[in-house]
Amino acid sequence: MSIRILEPAVASAIAAGEVIERPAAVVKELVENSIDAGASRVAIEIEQGGLKRIRVADDGVGIAPGDLETAFQRHATSKLRTLDDLDALRTLGFRGEALPSIAAAARVRLVSRQADGEGAAIELEAGSVLSKGPAGAPPGVTVSVEALFSALPARLKFLRSTGAETGRVRHAVENLALAYPNVAVIFSADGKTLLRTPGGGAPRDAFAAVHGAELAEAMLDLAPSPAAPFRVTGLISPPAHSRPNRAAIRLFVNGRWVQSRALSVAVEEAYAGLLMQGRYPIAVVMIEAPPHEVDANVHPNKREVRFAREGDAFSSVQRSVRESLLAAVPVVDARPFERPAAPDGALPAANPFSFTVAASPTPPPLPFGLGDGAAAPQPAPAAADAAMPRLRVLGQVSNTYIVAEGPDGMYLVDQHAAHESVLYYRLLRQWEEDEPDVQLLLEPQALEATPEQQERLTARLDNLRRYGFGIEEFGGAWLVRSVPAMGRSVDAGVLIADLLAESDASPTGGEAHRAMASSIACHSAIRAGQALDQQEMTALVQALEASPGPPHCPHGRPTAIRLTTGMLEREFGRV
Ligand code: ADP
Ligand code: MG
């Protein structure tokens, strides 16, 4: 074949494929146009996943009758003139590709009226104008798209079921509704209303429309990050709410929904120690940056952006999420004990993002590996002002909660969560110092491992060793010679099998080793329902006092709840 320039119709069909690979992309482009046009209401209707019909109606500024045809020409845009404008972009659109791409792949009718003008309509099919002329219309623009991709069977082949395509449209609409809470969005599919946001401008109200009022109420406001040039706002879930996948972590950069592995990891890492492995937060994170700091022009669907300073963007997000989490107090009836922050707002450990403990003494090994309850009281840790107060143990409730008295009231300590938290932070410190407390097994224990488990084992051998597991390969078999010295005897085989069963999904090395610490701590911690004697309870409470962690176990449950003297007085009507 000789080289030839493609017919315009062929070229534009190919280009259209880039922009609108499925119905959700058409909806996204049309709603973005509505938002760029200053709409305060956008109504979206689809039928059969958008393949039969898509209709988007807005009350924005509209298009002048004389511009209707131009709007459907390739590279026709009112949003950008020079290349420099790209650096100061404030609109979602800028390439002038959406309308021509949609018209190349479907039958399109657009009616429009500007507030003080006459209404007009235009109809196109396969990129050519079928008709145009005056038409009655409310102010704004209404676009109807029918028989999408019917002339492009190759494209249809790649689409999923109607239900799946509807789901994708819904996700795209939700993203826009969350990013623009000032726009009232109503979305229906096959006659059924699936989403309706009030448009009053409150992000939490838009969130409630998407995720339900109950979760919306529980969501935490992101602490505005002061790290210029990035401004981070949004809503994040408290540790008590989580999802089994990352789908509910939504990221926006300058009002544009983006997919970013790095920023998603920034959010996830901020939850380190607060969520169980394999659980992910629900988050709407809005990052605002001066337009010249962000390149939105790197992806055909503008689904990805590039930052001039990626590292700063990452740490702004991580810091903001982490600070909001640490500031939040999961309130039951009583307040969970909140470790007072050091004057600069940092955790007792100097840096909230690493869990190094500088000054707290390692207790000698005794009951449950908790330190010697009979020994003389240990000196308060160096950062005494930042530690949990000394508590006097009074007893145990339901073989699960330790009742204690502190300077400011009564404390209930969840024995499993508290022990787990103590062990978790101790394990992390040992890992960081690479000096695990090990317990040698009297007889090496053989490990049964499938080839797949052996592969995982090999990949994790170094982390396992840094936690105190001595594992060797010996003539084709694996032998465990030592385990972490955690006091309570656990079945090494069961624990290791569990550590190997966990998914490989951990995105970073850092997260992988924390997840491992969390599993070991959970296995080794005292169970709920176990009776403890006074000495054991005292040892646990003292260890908790000296532990540097936040007042949650690694799964995010509180370790202690406080009923202040003031609360008791109120409850008993003394004040
Ligand atoms: P872009 O959004 O990149 O400019 P489009 O092909 O999506 O390109 O739209 C072309 C032009 O048509 C826009 O620049 C805008 O001037 C006009 N337009 C499209 N949709 C609307 C709308 N809903 N309201 C007002 N103007 C619109
Ligand atoms: Mg556009």
Side-chain angles (χ1 to χ4, degrees), residues 12-13 15-21 23-45 54-83 85-86 88-106 108-124 127 129 132 135 137-145 148 172-173 175-176 179-180 183-187 254-257 291 295-303 305:
S12 65
E18 289 251 287
V19 187
I20 48 162
E21 86 277 31
V26 175
V27 172
K28 168 182 169 285
E29 292 292 341
L30 293 177
V31 178
E32 287 188 352
N33 279 348
S34 301
I35 289 169
D36 282 345
S40 62
R41 298 179 54 80
V42 182
I44 304 117
E45 289 165 34
I54 293 169
R55 184 172 177 277
V56 174
D58 68 52
D59 62 354
V61 294
I63 306 176
D67 282 344
L68 282 190
E69 202 169 335
T70 318
F72 281 91
Q73 266 158 31
R74 192 151 289 279
H75 311 306
T77 178
S78 57
K79 301 170 192 173
L80 182 99
R81 276 181 208 288
T82 69
L83 208 51
D85 293 346
L86 258 187
L89 203 62
R90 299 262 166 216
T91 52
L92 291 166
F94 56 83
R95 290 186 186 143
E97 280 180 334
L99 291 185
S101 300
I102 296 167
V108 178
R109 179 179 156 85
L110 184 152
V111 275
S112 166
R113 182 162 74 78
Q114 294 189 307
D116 49 0
E118 299 289 311
I122 183 168
E123 254 183 81
L124 301 95
V129 177
K132 58 173 182 159
V141 164
T142 300
V143 183
S144 308
V145 177
L148 182 64
V173 172
N175 288 339
L176 287 155
Y180 295 89
V183 180
V185 174
I186 171 161
F187 168 54
N254 289 347
R256 197 186 293 287
W257 176 74
D295 188 354
N297 194 23
V298 293
H299 188 276
N301 285 318
K302 308 180 198 136
R303 224 186 295 149
V305 293

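We count ligands from 1, going down the list as the structure has it; atoms in each ligand are counted the same way.
The protein non-hydrogen atom at the shortest distance from atom 18 (N) of ligand 1 is Ile63 CD1, 3.6 Å. Closest protein heavy atom to atom 25 (C) of ligand 1: Ala37 CB, 3.5 Å. With respect to atom 10 (C) of ligand 1, the closest heavy atom belonging to the protein is Ala76 O, 3.4 Å. Considering only non-hydrogen protein atoms, atom 2 (O) of ligand 1 sits nearest to Lys79 NZ, 2.7 Å. Closest to atom 15 (C) of ligand 1 among all protein heavy atoms lies Ser78 OG, 3.5 Å.
The backbone N or O of Leu92 lies less than 3.5 Å from a partner atom in the side chain of Arg256, making a donor-acceptor pair. At distances below 3.5 Å, at least one donor-acceptor pair connects side-chain atoms of Asp58 with backbone N or O atoms of Val141. A distance-only check finds a donor-acceptor pair linking the side chain of Ser112 to the backbone of Ile63 [under 3.5 Å]. The backbone N or O of Ala115 sits less than 3.5 Å from a side-chain atom of Arg113, completing a donor-acceptor pair.
Rounding to the nearest 0.5 angstrom, the gap separating the CG atom in Asp59 from the OG1 atom in Thr142 is 10.0 Å.
When only interatomic distances are considered, the shortest N/O to N/O separation between Leu99 and ligand 1 falls below 3.5 Å. Here's the thing with Gly96: one of its N/O atoms is less than 3.5 angstrom from an N/O atom of ligand 1. When only interatomic distances are considered, the shortest N/O to N/O separation between Asp58 and ligand 1 falls below 3.5 Å.
Contact between Pro100 and Phe72 at its shortest, heavy atoms only, is CB-O, 3.3 Å. For Leu99 against Ala71, the heavy-atom pair with the smallest separation is CB-O, 3.6 Å. Pairing each heavy atom of Glu118 with each of Pro65, the nearest pair is O-CG, 3.7 Å.
Ligand-side atoms of ligand 1 in range of Ala71: 10 (C), 12 (O), range being under 4.0 angstrom from any heavy atom. Atoms of ligand 1 lying under 4.0 Å from at least one heavy atom of Ala98, given by number and element, are 6 (O), 7 (O). Those atoms of ligand 1 with a heavy atom of Gly93 less than 4.0 angstrom away are 2 (O), 3 (O).
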**Item:** Worked check of side-chain contact (heavy atoms from CB on, under 4.5 Å) between Thr77 and Thr91
**Value:** CA-CA 11 Å; Thr77 178; Thr91 52; over 6 Å; no
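Listed by chain and number, Asn33 OD1 are the protein N/O/S atoms closer than 2.8 Å to the Mg ion (ligand 2), with waters left out.
Selection from Leu110, Asn33, Thr142, Ile35 by nearest heavy atom to atom 19 (C) of ligand 1 gives Asn33. Considering Val42, Thr77, Thr70, Val31 only, the shortest heavy-atom separation from atom 4 (O) of ligand 1 involves Thr77.
Not counting sequence neighbours, the partners of Glu69 by the salt bridge (Lys or Arg N to Asp or Glu O under 4.0 Å) test are Lys132.
Using a 4.0 Å heavy-atom cutoff, Gly60 is absent from the residues neighbouring ligand 1. Note on ligand 1: Pro100 sits in its first shell, one or more heavy atoms being nearer than 4.0 Å.
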